[in-house]
Amino acid sequence: MVTAEAAGASGLRVLVLRPKAAGLRTAARLATLGHAAVAAPVMAIARTHAPPPEGPFDALAVTSAASLPTMSELPEAMKALPVLAVGEQTALLARAGGFGRVHAADGERHSLARLAGRLFATGSGTRVLLALGRDHKADTEALLRAAGVDPVAWIVYAAQAKAELPEAARGALVGGQIDAVLHYSRRSAAIAIDLVDRAGLWPAFAPLPHLALSEDVAAPLRERGVPRLLVAGQPHEEALLALLSGIDLKQGSP
(Lines give C-alpha, C1' and ligand atoms only; values in the text may rest on other atoms or scores of the structure.)
Protein backbone atom coordinates (compact mmCIF):
# COMPACT_ATOMS: atom_id res chain seq x y z
CA MET A 1 0.00 0.00 0.00
CA VAL A 2 1.17 3.51 -0.71
CA THR A 3 2.05 5.43 2.44
CA ALA A 4 2.46 9.07 3.35
CA GLU A 5 6.21 8.68 3.52
CA ALA A 6 6.31 7.60 -0.13
CA ALA A 7 5.55 11.06 -1.52
CA GLY A 8 8.30 12.58 -3.58
CA ALA A 9 9.72 16.05 -3.06
CA SER A 10 6.96 17.63 -5.16
CA GLY A 11 4.24 15.15 -4.28
CA LEU A 12 1.34 15.49 -1.88
CA ARG A 13 0.29 13.24 0.97
CA VAL A 14 -3.38 12.66 0.35
CA LEU A 15 -5.95 11.29 2.78
CA VAL A 16 -8.24 8.80 0.99
CA LEU A 17 -11.38 7.95 2.96
CA ARG A 18 -12.94 5.53 0.44
CA PRO A 19 -13.81 1.90 1.25
CA LYS A 20 -10.86 -0.48 0.98
CA ALA A 21 -11.08 -1.73 -2.62
CA ALA A 22 -11.89 1.68 -4.09
CA GLY A 23 -9.26 3.30 -1.88
CA LEU A 24 -6.56 0.99 -3.17
CA ARG A 25 -7.47 1.89 -6.76
CA THR A 26 -7.23 5.58 -5.89
CA ALA A 27 -3.91 5.04 -4.12
CA ALA A 28 -2.48 3.41 -7.23
CA ARG A 29 -3.72 6.29 -9.38
CA LEU A 30 -2.19 8.83 -7.00
CA ALA A 31 1.13 7.02 -7.17
CA THR A 32 1.24 7.43 -10.95
CA LEU A 33 0.81 11.17 -10.41
CA GLY A 34 3.67 11.32 -7.91
CA HIS A 35 1.48 11.63 -4.83
CA ALA A 36 1.12 9.31 -1.83
CA ALA A 37 -2.12 8.05 -0.32
CA VAL A 38 -2.95 7.61 3.32
CA ALA A 39 -5.68 5.00 2.90
CA ALA A 40 -8.14 5.28 5.78
CA PRO A 41 -11.61 3.92 4.95
CA VAL A 42 -14.43 5.38 7.02
CA MET A 43 -16.89 2.83 5.59
CA ALA A 44 -16.74 -0.92 4.99
CA ILE A 45 -18.58 -2.61 2.13
CA ALA A 46 -20.59 -5.71 3.02
CA ARG A 47 -22.55 -7.81 0.53
CA THR A 48 -26.22 -8.33 1.36
CA HIS A 49 -26.42 -11.71 -0.43
CA ALA A 50 -29.93 -10.78 -1.56
CA PRO A 51 -30.99 -12.84 -4.59
CA PRO A 52 -31.74 -10.88 -7.77
CA PRO A 53 -35.39 -10.02 -8.42
CA GLU A 54 -37.39 -12.16 -10.82
CA GLY A 55 -36.63 -11.49 -14.49
CA PRO A 56 -36.58 -11.30 -17.36
CA PHE A 57 -34.65 -8.05 -17.81
CA ASP A 58 -33.60 -6.09 -20.87
CA ALA A 59 -30.60 -4.32 -19.32
CA LEU A 60 -28.58 -3.89 -16.15
CA ALA A 61 -27.69 -0.65 -14.38
CA VAL A 62 -24.97 -0.11 -11.80
CA THR A 63 -24.52 3.01 -9.70
CA SER A 64 -21.30 1.95 -7.97
CA ALA A 65 -18.40 -0.38 -8.59
CA ALA A 66 -19.18 -1.85 -5.16
CA SER A 67 -22.05 -3.74 -6.84
CA LEU A 68 -19.83 -5.50 -9.35
CA PRO A 69 -18.54 -8.42 -7.22
CA THR A 70 -22.13 -9.58 -6.76
CA MET A 71 -23.17 -8.79 -10.32
CA SER A 72 -20.25 -10.79 -11.69
CA GLU A 73 -21.98 -13.92 -10.38
CA LEU A 74 -25.04 -13.41 -12.58
CA PRO A 75 -25.66 -16.03 -15.29
CA GLU A 76 -23.78 -15.46 -18.53
CA ALA A 77 -27.02 -14.70 -20.35
CA MET A 78 -27.64 -11.76 -18.03
CA LYS A 79 -24.02 -10.59 -18.27
CA ALA A 80 -24.57 -10.37 -22.02
CA LEU A 81 -27.30 -7.73 -21.53
CA PRO A 82 -26.53 -4.03 -22.04
CA VAL A 83 -25.02 -2.52 -18.88
CA LEU A 84 -25.54 1.12 -17.92
CA ALA A 85 -22.63 2.14 -15.69
CA VAL A 86 -22.72 5.35 -13.68
CA GLY A 87 -19.26 6.44 -14.86
CA GLU A 88 -16.27 5.46 -16.94
CA GLN A 89 -14.31 3.90 -14.07
CA THR A 90 -17.25 1.68 -13.16
CA ALA A 91 -17.66 0.83 -16.85
CA LEU A 92 -14.00 -0.21 -17.12
CA LEU A 93 -14.34 -2.48 -14.09
CA ALA A 94 -17.56 -3.95 -15.48
CA ARG A 95 -15.83 -4.81 -18.75
CA ALA A 96 -12.97 -6.38 -16.83
CA GLY A 97 -15.55 -8.43 -14.92
CA GLY A 98 -16.91 -10.03 -18.06
CA PHE A 99 -19.72 -7.68 -19.06
CA GLY A 100 -19.45 -7.13 -22.78
CA ARG A 101 -21.97 -4.41 -23.72
CA VAL A 102 -21.17 -1.63 -21.28
CA HIS A 103 -22.22 2.00 -21.69
CA ALA A 104 -20.79 4.71 -19.43
CA ALA A 105 -22.70 7.70 -18.08
CA ASP A 106 -21.02 10.88 -16.89
CA GLY A 107 -20.46 10.00 -13.26
CA GLU A 108 -23.74 10.54 -11.40
CA ARG A 109 -27.32 9.31 -11.30
CA HIS A 110 -28.86 12.08 -13.42
CA SER A 111 -26.50 11.29 -16.28
CA LEU A 112 -27.28 7.59 -15.80
CA ALA A 113 -30.96 8.37 -16.37
CA ARG A 114 -30.13 10.43 -19.45
CA LEU A 115 -28.09 7.52 -20.79
CA ALA A 116 -31.08 5.20 -20.31
CA GLY A 117 -33.26 7.66 -22.19
CA ARG A 118 -30.83 7.72 -25.11
CA LEU A 119 -30.48 3.95 -25.31
CA PHE A 120 -34.09 2.88 -24.92
CA ALA A 121 -37.28 4.22 -26.45
CA THR A 122 -39.75 5.76 -24.02
CA GLY A 123 -42.70 3.47 -23.45
CA SER A 124 -40.83 0.42 -24.74
CA GLY A 125 -41.36 -1.42 -21.46
CA THR A 126 -37.61 -1.86 -20.97
CA ARG A 127 -36.99 -3.57 -17.61
CA VAL A 128 -33.69 -2.62 -16.02
CA LEU A 129 -32.17 -4.54 -13.11
CA LEU A 130 -30.79 -1.71 -10.98
CA ALA A 131 -28.01 -2.75 -8.57
CA LEU A 132 -27.83 -0.43 -5.58
CA GLY A 133 -26.31 0.05 -2.16
CA ARG A 134 -28.62 0.10 0.83
CA ASP A 135 -28.05 3.83 1.36
CA HIS A 136 -28.59 4.86 -2.24
CA LYS A 137 -30.00 8.22 -3.31
CA ALA A 138 -33.77 8.11 -2.86
CA ASP A 139 -34.57 9.51 -6.30
CA THR A 140 -32.45 7.08 -8.37
CA GLU A 141 -35.35 4.86 -9.42
CA ALA A 142 -37.62 7.84 -10.10
CA LEU A 143 -35.03 9.42 -12.39
CA LEU A 144 -34.77 6.24 -14.45
CA ARG A 145 -38.53 5.85 -14.56
CA ALA A 146 -38.85 9.43 -15.81
CA ALA A 147 -36.34 8.55 -18.54
CA GLY A 148 -38.76 5.93 -19.86
CA VAL A 149 -37.51 2.63 -18.42
CA ASP A 150 -38.81 0.33 -15.69
CA PRO A 151 -36.12 -0.02 -12.98
CA VAL A 152 -36.25 -2.96 -10.58
CA ALA A 153 -34.10 -2.35 -7.51
CA TRP A 154 -31.67 -4.97 -6.22
CA ILE A 155 -29.87 -4.06 -2.99
CA VAL A 156 -26.55 -5.86 -3.32
CA TYR A 157 -24.32 -4.18 -0.73
CA ALA A 158 -24.35 -2.02 2.37
CA ALA A 159 -21.75 0.60 3.20
CA GLN A 160 -21.31 0.47 6.95
CA ALA A 161 -19.79 3.38 8.87
CA LYS A 162 -16.69 2.61 10.90
CA ALA A 163 -17.03 3.03 14.66
CA GLU A 164 -13.93 5.22 14.93
CA LEU A 165 -11.46 7.08 12.79
CA PRO A 166 -8.95 4.64 11.26
CA GLU A 167 -5.55 4.70 12.94
CA ALA A 168 -3.82 5.65 9.66
CA ALA A 169 -5.86 8.85 9.48
CA ARG A 170 -5.52 9.55 13.18
CA GLY A 171 -1.73 9.20 13.18
CA ALA A 172 -1.25 11.19 9.99
CA LEU A 173 -3.43 14.06 11.22
CA VAL A 174 -1.73 14.18 14.60
CA GLY A 175 1.67 14.15 12.89
CA GLY A 176 0.78 16.84 10.35
CA GLN A 177 1.38 14.37 7.51
CA ILE A 178 -1.63 15.24 5.33
CA ASP A 179 -1.55 17.82 2.54
CA ALA A 180 -5.04 17.28 1.09
CA VAL A 181 -8.20 15.20 1.58
CA LEU A 182 -10.23 13.52 -1.18
CA HIS A 183 -14.00 13.10 -0.82
CA TYR A 184 -15.93 10.79 -3.16
CA SER A 185 -19.39 10.61 -1.56
CA ARG A 186 -21.62 12.81 0.55
CA ARG A 187 -22.13 10.04 3.09
CA SER A 188 -18.43 9.29 3.55
CA ALA A 189 -17.73 13.02 3.95
CA ALA A 190 -20.38 13.24 6.67
CA ILE A 191 -19.05 10.13 8.39
CA ALA A 192 -15.49 11.47 8.24
CA ILE A 193 -16.59 14.73 9.86
CA ASP A 194 -18.29 12.81 12.67
CA LEU A 195 -15.33 10.49 13.29
CA VAL A 196 -12.82 13.34 13.21
CA ASP A 197 -14.96 15.28 15.69
CA ARG A 198 -15.16 12.31 18.05
CA ALA A 199 -11.40 11.84 17.82
CA GLY A 200 -10.85 15.49 18.77
CA LEU A 201 -8.96 16.15 15.54
CA TRP A 202 -11.20 18.72 13.86
CA PRO A 203 -8.61 21.52 14.32
CA ALA A 204 -6.08 19.43 12.34
CA PHE A 205 -8.59 18.25 9.73
CA ALA A 206 -10.68 21.32 8.92
CA PRO A 207 -7.94 23.68 7.62
CA LEU A 208 -6.62 21.17 5.07
CA PRO A 209 -7.53 21.51 1.37
CA HIS A 210 -10.64 19.35 0.88
CA LEU A 211 -11.34 18.15 -2.68
CA ALA A 212 -14.89 16.95 -3.45
CA LEU A 213 -16.17 14.98 -6.42
CA SER A 214 -19.31 17.12 -6.75
CA GLU A 215 -21.33 19.84 -5.05
CA ASP A 216 -23.49 17.13 -3.47
CA VAL A 217 -20.38 15.51 -1.96
CA ALA A 218 -19.17 18.91 -0.77
CA ALA A 219 -22.41 19.75 1.07
CA PRO A 220 -21.50 18.37 4.54
CA LEU A 221 -18.12 20.12 4.35
CA ARG A 222 -19.74 23.43 3.42
CA GLU A 223 -22.20 23.04 6.29
CA ARG A 224 -19.29 22.71 8.71
CA GLY A 225 -17.55 25.75 7.24
CA VAL A 226 -14.46 24.01 5.86
CA PRO A 227 -12.45 26.99 4.54
CA ARG A 228 -10.45 25.32 1.75
CA LEU A 229 -12.91 23.41 -0.39
CA LEU A 230 -12.53 22.66 -4.09
CA VAL A 231 -15.15 20.87 -6.20
CA ALA A 232 -14.34 18.93 -9.37
CA GLY A 233 -15.68 20.48 -12.56
CA GLN A 234 -17.16 17.11 -13.52
CA PRO A 235 -18.04 14.13 -11.27
CA HIS A 236 -15.11 12.06 -12.54
CA GLU A 237 -12.04 10.89 -10.65
CA GLU A 238 -9.75 12.43 -13.27
CA ALA A 239 -11.34 15.84 -12.69
CA LEU A 240 -11.06 15.38 -8.93
CA LEU A 241 -7.40 14.38 -9.03
CA ALA A 242 -6.61 17.24 -11.41
CA LEU A 243 -7.42 19.61 -8.53
CA LEU A 244 -4.31 18.37 -6.73
CA SER A 245 -2.13 20.23 -9.20
CA GLY A 246 -3.44 23.53 -7.79
CA ILE A 247 -2.32 22.81 -4.23
CA ASP A 248 0.90 24.43 -3.06
CA LEU A 249 2.86 21.90 -1.00
CA LYS A 250 4.39 24.62 1.17
CA GLN A 251 1.25 26.67 1.68
CA GLY A 252 -1.16 23.73 1.86
CA SER A 253 -3.77 25.70 -0.05
CA PRO A 254 -4.98 26.07 -3.64
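Only a predicted model underlies this, so the values are computations on that prediction, with no experimental measurement involved.
- Taking the side chain as every heavy atom from C-beta outward, L15 and Q177 never approach each other to under 4.5 Å.
- Sorted by first and then second residue, the side chain to side chain donor-acceptor pair (under 3.5 Å) pairs with a member in residues 202-213 read H183-H210; sequence neighbours excluded.
- Summarising the geometry, atom OH belonging to Y157 is positioned 15.0 Å from atom NE2 belonging to H49; distances are rounded to the nearest 0.5 Å.
- Distance check: L195 CG to K162 NZ gives 9.5 Å after rounding to the nearest 0.5 Å.
- At least one side-chain heavy atom of H110 sits under 4.5 Å from a side-chain heavy atom of L143.
- For the pair R198 (side chain) and E164 (backbone), a donor-acceptor distance under 3.5 Å is absent.
- Between G200 and P203 the shortest heavy-atom distance is O-CD, 4.0 Å.
- Within the 4.5 Å cutoff, the side chain of L33 has heavy atoms near those of the L241 side chain.
- T70 places no side-chain N or O within donor-acceptor distance of the main-chain N or O of S67, the cut-off being under 3.5 Å.
- Closest heavy-atom contact between P220 and A189: CG-CB, 4.3 Å.
- A91 approaches A104 most closely through the heavy-atom pair CB-CB, 3.7 Å.
- In this structure, a donor-acceptor pair under 3.5 Å is absent between the side chains of H236 and E238.
- Taking CD1 of I193 as the reference point, atom CZ of F205 lies at 6.5 Å (rounded to 0.5 Å).
- Using a 3.5 Å distance cut-off with no hydrogens or angles, the side chains of S111 and R114 do not pair a donor with an acceptor.
- In this structure, V231 shares a hydrophobic cluster with no other residue, the cluster being traced through Ile, Leu, Val, Met, Phe, Trp and Tyr side chains under 4.5 angstrom apart.
- No side-chain heavy atom of R101 sits under 4.5 Å from any side-chain heavy atom of V83.
- Every side chain to side chain contact (heavy atoms under 4.5 Å, CB included) that P53 has, sequence neighbours left out, goes to F57, L129, V152, W154.
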Practice task
List the steps and the verdict of side-chain contact (heavy atoms from CB on, under 4.5 Å) for L243 and I247.
Solution key: CA-CA 7 Å; L243 296 176; I247 295 176; over 6 Å; no

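- In this structure, a donor-acceptor pair under 3.5 Å is absent between the side chains of E108 and S214.
- The CG atom of L229 sits 13.5 Å away from atom CZ of R224, with the distance rounded to the nearest 0.5 Å.
- Not one N or O on the side chain of R186 forms a donor-acceptor pair closer than 3.5 Å with the backbone of A218.
- For the atom pair T140 OG1 and R109 CZ, the distance stands at 5.5 Å (nearest 0.5 Å).
- Closest approach of R127 to P56, counting heavy atoms only: NH1-O, 2.8 Å.
- Listed by first and then second residue, the salt bridge (Lys or Arg N to Asp or Glu O under 4.0 Å) pairs involving residues 38-66 are R47-E73 (not counting sequence neighbours).
- Shown here are the side chain to side chain contact (heavy atoms under 4.5 Å, CB included) partners of L201, two or more places apart in sequence or in another chain: L165, R170, L173, V174, V196, A199.
- Using a 4.5 Å heavy-atom threshold, the side chains of I178 and L12 count as separate.
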Can you give the donor-acceptor pairs under 3.5 Å from side chains of residues 38-45 to other protein atoms, not counting sequence neighbours?
none

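- Applying the side chain to side chain contact (heavy atoms under 4.5 Å, CB included) criterion to T90, with sequence neighbours excluded, gives V62, A65, L68, A85, V86.
- Annotation for D135 and A159: closest pair OD2-O, 3.9 Å, computed over non-hydrogen atoms.
- Within the 3.5 Å criterion, the main-chain N or O of V14 finds no donor-acceptor partner in the side chain of D179.
- Screening residues 79-91 for salt bridge (Lys or Arg N to Asp or Glu O under 4.0 Å) gives E76-K79, E88-R95 as the qualifying pairs, with residues at least two apart or on separate chains.
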Exercise for the section: Please assess F99 against L81 for the test side-chain contact (heavy atoms from CB on, under 4.5 Å), listing each intermediate value before the final yes or no. Expected result: CA-CA 8 Å; F99 295 89; L81 294 173; over 6 Å; no

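- Not a single side-chain hydrogen bond (donor to acceptor under 3.5 Å, both in side chains) links E141 to another residue, sequence neighbours left out.
- R18 contributes atom CZ, which lies 15.0 Å from atom NZ of K20 (distance to the nearest 0.5 angstrom).
- Qualifying side-chain hydrogen bond (donor to acceptor under 3.5 Å, both in side chains) partners for T63, counting only residues two or more places apart in sequence or in other chains: none.
- Applying the 4.5 Å side-chain rule to ILVMFWY residues, one finds L84, L112, L115, F120, V128, L130, L132, L144, V149, I155 in the same cluster as L119.
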Practice task
Could you please spell out the steps behind the side-chain contact (heavy atoms from CB on, under 4.5 Å) verdict for L230 and L240?
Solution key: CA-CA 9 Å; L230 289 175; L240 178 64; over 6 Å; no

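- For Q89, the side chain to side chain contact (heavy atoms under 4.5 Å, CB included) partners are R25, L92, L93, not counting sequence neighbours.
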Practice task
Would you check, one step at a time, whether the test side-chain contact (heavy atoms from CB on, under 4.5 Å) holds for L208 with R228?
Solution key: CA-CA 7 Å; L208 295 167; R228 297 173 180 170; over 6 Å; no

